[in-house]
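To start, the structure under review is shown below, and the notes come after it.
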There are 2 protein chains.
Amino acid sequence: MDGAENLSKRQLQALQTREKLLNAGRTVFLENGFQKATMTQINKLAHTGYGTAYVYFKNKDELFTELIETIMQKMYDVAGLPFTPKTKEEAFTQIKKQTRLFMELSLEERQVMKIIKEAIGVSPIVAEKWSQIRARFISGITKDIEYVQKAGLARDDFHANLIAKGWFYMNEQLMWELVLGDIKEDVEAVSDHLTRLYTGGLYK
Amino acid sequence: MDGAENLSKRQLQALQTREKLLNAGRTVFLENGFQKATMTQINKLAHTGYGTAYVYFKNKDELFTELIETIMQKMYDVAGLPFTPKTKEEAFTQIKKQTRLFMELSLEERQVMKIIKEAIGVSPIVAEKWSQIRARFISGITKDIEYVQKAGLARDDFHANLIAKGWFYMNEQLMWELVLGDIKEDVEAVSDHLTRLYTGGLYK
């Protein structure tokens, strides 16, 4: 733990308790799902005193958003991938790569993503976190579309932002299907099909 | 009321009570949203005896699905629109029309659709109803794609079902944005853009 040597004993204990609660939280959420998980279960599993979880986290929603911080950061990284294609073929390759990464990342964290999906429906805090991810992707894709429109690669009779939304939503919903196991096709087939449909419609 | 003259007095009263509860339910759901609505509120507003709502409906989820039956039926009608285009242009016109109808219907019932959106996240019964709508649209679109592939109008290197999903999800999510007022563009712009992107990618 970086800088831990500069912390007082009490601060160090606080960090350790927090860590214990997060680890217990991960287990409880994975076992029970979001709605059925309780702070009491988390306290119990962490062997911290009654009510201790509430000292560190306002509620289970906040503990959960803390737990998914790493995945969210990885999502932001994928959303922010550079995109400066010189040809339609280069654009296809880069877009398909981004789509693949988005789906692969979601599948790597499949169990957690299932709980995120559940939590989006019932927790305003988690829903807000996910809508930030959506906004970041859509704004990134909008810029990408404007770039290829200016470069003369893509049709310029499209509002970039509207097309960006359509494209992201296709990806998002198919990603959920992959995560929930509702689809027989694999990431390669899904990302290839979506990218071909999208670039076929958008590019000249 | 068709056939009401053949009902006994008791059956007629039961029908009237049921109707009262549904009307009260509509008001309570529209005022409080899905999660905050209770059967007690509905009973109270309907001036039916304590607990009467539970005689007619298992829970608020069932009362709500009864309330949205008409919209759901209209959705099915849109999903089942005939599609036998002879040219790419005819296909464009028919697809855009279907997309417009889907979005216009949702906007006509905007207040109820907002509650459906909320309920999908928290009620397994309502979520299941909506997933049936999704399945109907996706199966209809899959057949439409296979039709134009056979007719030689569309590229045949696409799995129809996968493309159908991508296309429906784009429409569904933009429809929710229109319903929730999260978008500045109107139905015409949205349906035109999505249809152009989609047909541009799918058709030869």
Side-chain angles (χ1 to χ4, degrees), chain A residues 33-35 92 99 117-124 126-127 130-131 134-135 137-138 145 154-155 157-178 180 182-204, chain B residues 33-35 92 99 117-124 126-127 130-131 134-135 137-138 145 154-155 157-178 180 182-204:
Chain A
F34 186 81
Q35 279 175 282
F92 177 87
T99 294
K117 181 84 173 92
E118 183 201 351
I120 288 171
V122 293
S123 163
V126 180
W130 188 253
S131 86
R134 283 183 146 193
F137 268 102
I138 290 165
I145 294 173
R155 291 169 56 173
D157 56 348
F158 276 133
H159 294 188
N161 186 244
L162 204 43
I163 297 298
K165 285 181 175 180
W167 171 235
F168 176 70
Y169 292 147
M170 246 199 276
N171 280 279
E172 182 195 31
Q173 298 304 313
L174 265 311
M175 177 278 284
W176 290 126
E177 286 211 8
L178 285 164
L180 300 175
D182 289 345
I183 189 170
K184 59 178 194 299
E185 285 88 355
D186 59 12
V187 170
E188 167 58 24
V190 174
S191 56
D192 186 64
H193 270 70
L194 295 191
T195 308
R196 283 198 283 134
L197 181 72
Y198 171 62
T199 54
L202 175 61
Y203 285 73
K204 286 176 181 168
Chain B
F34 185 81
Q35 280 175 282
F92 177 88
T99 294
K117 179 86 174 91
E118 182 201 351
I120 288 170
V122 293
S123 163
V126 180
W130 188 253
S131 85
R134 283 182 145 192
F137 268 102
I138 290 165
I145 295 173
R155 290 168 56 172
D157 56 347
F158 277 133
H159 295 186
N161 186 244
L162 204 42
I163 296 299
K165 285 181 177 180
W167 172 234
F168 176 71
Y169 292 146
M170 247 199 274
N171 279 279
E172 182 194 32
Q173 299 303 313
L174 265 311
M175 177 277 285
W176 290 126
E177 286 211 10
L178 286 163
L180 300 175
D182 289 344
I183 189 168
K184 60 178 195 298
E185 285 88 357
D186 58 12
V187 170
E188 167 57 25
V190 174
S191 56
D192 186 64
H193 271 70
L194 295 192
T195 308
R196 282 198 283 134
L197 181 71
Y198 171 62
T199 53
L202 176 60
Y203 284 72
K204 285 178 182 167

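Lettering follows sequence order; numbering is per chain, from 1.
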* Taking Val190(A), Leu194(A), Ile163(A) one by one, which has the highest count of heavy-atom pairs under 4.5 Å against chain B? -> Ile163(A)
* **Choice from Thr199(A), Leu202(A), Ile120(A), Asp157(A) maximising heavy atom contacts with chain B below 4.5 Å** => Asp157(A)
* Asked: Between Glu118(A), Gln35(A), Lys117(A), Arg155(A), which residue shows the highest count of heavy-atom pairs closer than 4.5 Å to chain B?
  -> Arg155(A)
* Asked: For chain B, which of Asp192(A), Ile183(A), Asn171(A) has the most heavy-atom pairs under 4.5 Å?
  -> Ile183(A)
* Any side-chain heavy-atom pair from His159(B) and Lys184(A) closer than 4.5 angstrom? -> no
* Going through the distances and angles, do His193(A) and Lys165(B) end up as a side chain to side chain contact (heavy atoms under 4.5 Å, CB included)? -> CA-CA 11 Å; His193(A) 270 70; Lys165(B) 285 181 177 180; over 6 Å; no
* **Nearest-0.5 Å distance, OH of residue Tyr169(A) to CD of residue Glu172(B)** => 11.0 Å
* Asked: Which atoms of Tyr198(A) come close to chain B, meaning under 4.5 Å heavy atom to heavy atom: side chain ones, backbone ones, both, or neither?
  -> both
* Evaluate the side chain to side chain contact (heavy atoms under 4.5 Å, CB included) criterion for residues Leu197(A) and Leu162(B): first the C-alpha distance (whole Å), next the side-chain angles of each, then the deciding distance (0.1 Å), finally the verdict. => CA-CA 10 Å; Leu197(A) 181 72; Leu162(B) 204 42; over 6 Å; no
